[in-house]
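So the structure is just underneath, and the comments pick up after that.
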Amino acid sequence: MTFASGNIAASQRDILGLPVYDLGWAQALAFAEEIASLPFGQSVIAFLDARNGNRMMSDREYRAVLERQIVLPEGDGIDIASKVIHGRKFPANLSGTTFVPALLTYLARPMRIALVGGEQAMLMRAAEELRRHTPWHEILPITDGAFDPSQSDAVMERVRAAKADILLVSMGSPAQETWIDRHVGPGHARLVLSVAGLFEAIAGGTYRTAAAVRASRLARLRRFVRQPDLAAPLFLYHVLRHRLSNATAPRGPARTAKAGSL
């Protein structure tokens with residue numbers, strides 16, 4: 001399946017029944033820049049890792065939310081899933097905590113970036129770190145993640161008043177994806193990204209460069225398989241079961257969507 005947004009065409013791969021965008025680093029950054037620069041509409045980017053994959057297998061509402069968003073691959077488990085199901089890994093492991101800082105650096109045109117979520121101290125520290133690294137953008141910390149859910153609409157009114165081009169939401173999954181789906185809409189920002197742990201990673205300087213992520217892929221795959229918790233083996237079980245159940249299923253025709261239809 002192939003989707004197009006302006007000058008960027010992006011194919012998708014089925015991962016456990018969910019379409020996941022198939023982009024290298026350069027394509028993904030250009031794709032996100034084009035979305036953020038559109039004169040109308042709104043696009044939401046989420047990141048799928050093994051834990052989210054496990055969750056969507058038992059939570060239909062969460063799966064439906066992800067199906068309404070642009071999903072990028074994150075983590076070793078998704079690479080394994082792609083290898084098992086499609087015979088090849090994704091061209092890039094687009095870790096959200098790496099992708100977002102890289103995107104803000106990539107965007108040459110000054111933009112207004114609103115931040116929602118995380119702990120208060122981490123949120124403010126992340127905002128200062130982003131101002132230091134990308135001083136051409138206006139960084140707007142709106143609120144930490146401790147607000148009462150009943151105040152969600154008031155929070156989004158603050159985002160609207162800030163006239164944000166990009167909204168970054170970090171509340172942990174599945175809360176952040178579901179909250180965006182329920183409360184964020186056109187007029188709040190052109191591009192919305194949900195990344196768990198983003199502000200903590202930026203504040204602590206623990207996010208890694210895209211080059212370092214690519215260089216360590218083999219080692220990360222080995223670590224994933226050896227994880228002591230149940231996320232890795234459960235995800236592999238879902239992947240193998242999906243592969244076997246769809247081994248003889250016919251493939252549907254490729255589809256193409258024009259800019260503005262995302």
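L18 contributes atom CG, which lies 10.0 Å from atom CD of Q69 (distance to the nearest 0.5 angstrom). For the atom pair CG (D181) and CD (E67), the distance works out to 11.0 Å, reported to the nearest 0.5 Å. Atom CZ of R13 sits about 11.0 Å away from atom NZ of K89, to the nearest 0.5 Å. Between the CD1 atom of I45 and the OH atom of Y21 there is a distance of 9.0 Å, given to the nearest 0.5 Å. Here the CG atom belonging to L48 is positioned 5.5 Å from the CE atom belonging to M56, to the nearest 0.5 angstrom. For the atom pair L103 CG and T98 OG1, the distance stands at 12.5 Å (nearest 0.5 Å).
Between the side chain of H238 and the backbone N or O of A50, no donor-acceptor pair lies under 3.5 Å. Formation of a donor-acceptor pair under 3.5 Å by the N246 side chain with backbone atoms of H242 is found in this model. For the pair S37 (side chain) and E34 (backbone), a donor-acceptor distance under 3.5 Å is absent. Between the side chain of T134 and the backbone N or O of R131 there is no donor-acceptor pair closer than 3.5 Å. A donor-acceptor distance shorter than 3.5 angstrom exists from the side chain of S82 to the backbone of R88, with no hydrogens or angles considered. No side-chain donor-acceptor contact under 3.5 Å links R51 to the backbone of A231. A donor-acceptor pair under 3.5 Å is absent between the side-chain atoms of W179 and the main chain of P149, judged by distance alone. Remark: the backbone N or O of D153 is not paired with any side-chain donor or acceptor of H183 at under 3.5 angstrom. In terms of modelled atom types and a separation under 3.5 Å, the side chain of Q42 and the main chain of G185 share a donor-acceptor contact. D49 places no side-chain N or O within 3.5 Å of a backbone atom of E74 that could act as its donor or acceptor partner.
A pairwise comparison of heavy atoms in L66 and A46 identifies CD2-CB, 4.1 Å as the closest pair. Nearest heavy-atom pair, Y106 versus E33, reported as atom, atom and distance to 0.1 Å: CE2-OE1, 3.4 Å. What you find for P101 and L198 is that their closest heavy atoms are CD-CD1, 4.3 Å. Between M57 and G53, the closest heavy-atom pair is CG-O, 3.1 Å. Taking both residues in full, the closest heavy atoms of I70 and S43 are given as CD1-CB, 3.9 Å, listed atom of the first, atom of the second, then distance. Considering every non-hydrogen atom in both Y62 and D59, the closest pair reads N-OD1, 3.0 Å.
Note on L240: it clusters hydrophobically with L16, by side-chain heavy-atom contacts below 4.5 Å among ILVMFWY residues. With hydrophobic clusters built from ILVMFWY side chains whose heavy atoms lie under 4.5 angstrom apart, I202 shares a cluster with L191. I180 and F199 fall into different hydrophobic clusters, where Ile, Leu, Val, Met, Phe, Trp and Tyr are joined by side-chain heavy atoms under 4.5 Å apart, directly or via other members. Clustering ILVMFWY residues whenever any of their side-chain heavy atoms sit less than 4.5 angstrom apart, transitively, puts L130 in a cluster other than the one holding I142. No chain of hydrophobic side-chain contacts below 4.5 Å, direct or via other Ile, Leu, Val, Met, Phe, Trp or Tyr residues, connects V116 to I113.
Enclosure of atom CZ in R68 by more than 12 non-hydrogen atoms of other residues, nucleotides or ligands within 6.0 angstrom is indicated. More than 12 heavy atoms of other residues, nucleotides or ligands sit less than 6.0 Å from atom CZ of R109.
Screening V159, I166, L167, L140 for a side-chain contact (heavy atoms from CB on, under 4.5 Å) involving R112 leaves a single residue, L140.
For the pair I15 and V71, the minimum side-chain heavy-atom distance is 4.5 Å or more. Considering only heavy atoms from C-beta on, L23 stays 4.5 Å or farther from P91 through its side chain. The shortest side-chain heavy-atom distance between N52 and F47 does not fall under the 4.5 Å cut-off. Between I80 and F235 the shortest side-chain heavy-atom distance does not fall below 4.5 Å. Considering only heavy atoms from C-beta on, I35 stays 4.5 Å or farther from R190 through its side chain.
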Does the side-chain contact (heavy atoms from CB on, under 4.5 Å) test come out yes or no for L168 and V195, once each step is laid out?
CA-CA 8 Å; L168 307 179; V195 186; over 6 Å; no
Checking H133 against T105 for the side-chain contact (heavy atoms from CB on, under 4.5 Å) test, could you report, in this order, the C-alpha distance in whole Å, the side-chain angles of both residues, the deciding distance, and whether it holds?
CA-CA 8 Å; H133 282 287; T105 304; 5.6 Å; no
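Under the ring-ring contact (aromatic ring centres under 6.0 Å, His included) criterion, Y237 pairs with no residue at all, not counting sequence neighbours.
Residue pairs meeting the side chain to side chain donor-acceptor pair (under 3.5 Å) criterion with at least one member in residues 165-176, sequence neighbours excluded: S173-Q176, S173-E177.
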Side-chain donor/acceptor pairs under 3.5 Å, residues 119-126, sequence neighbours excluded:
none

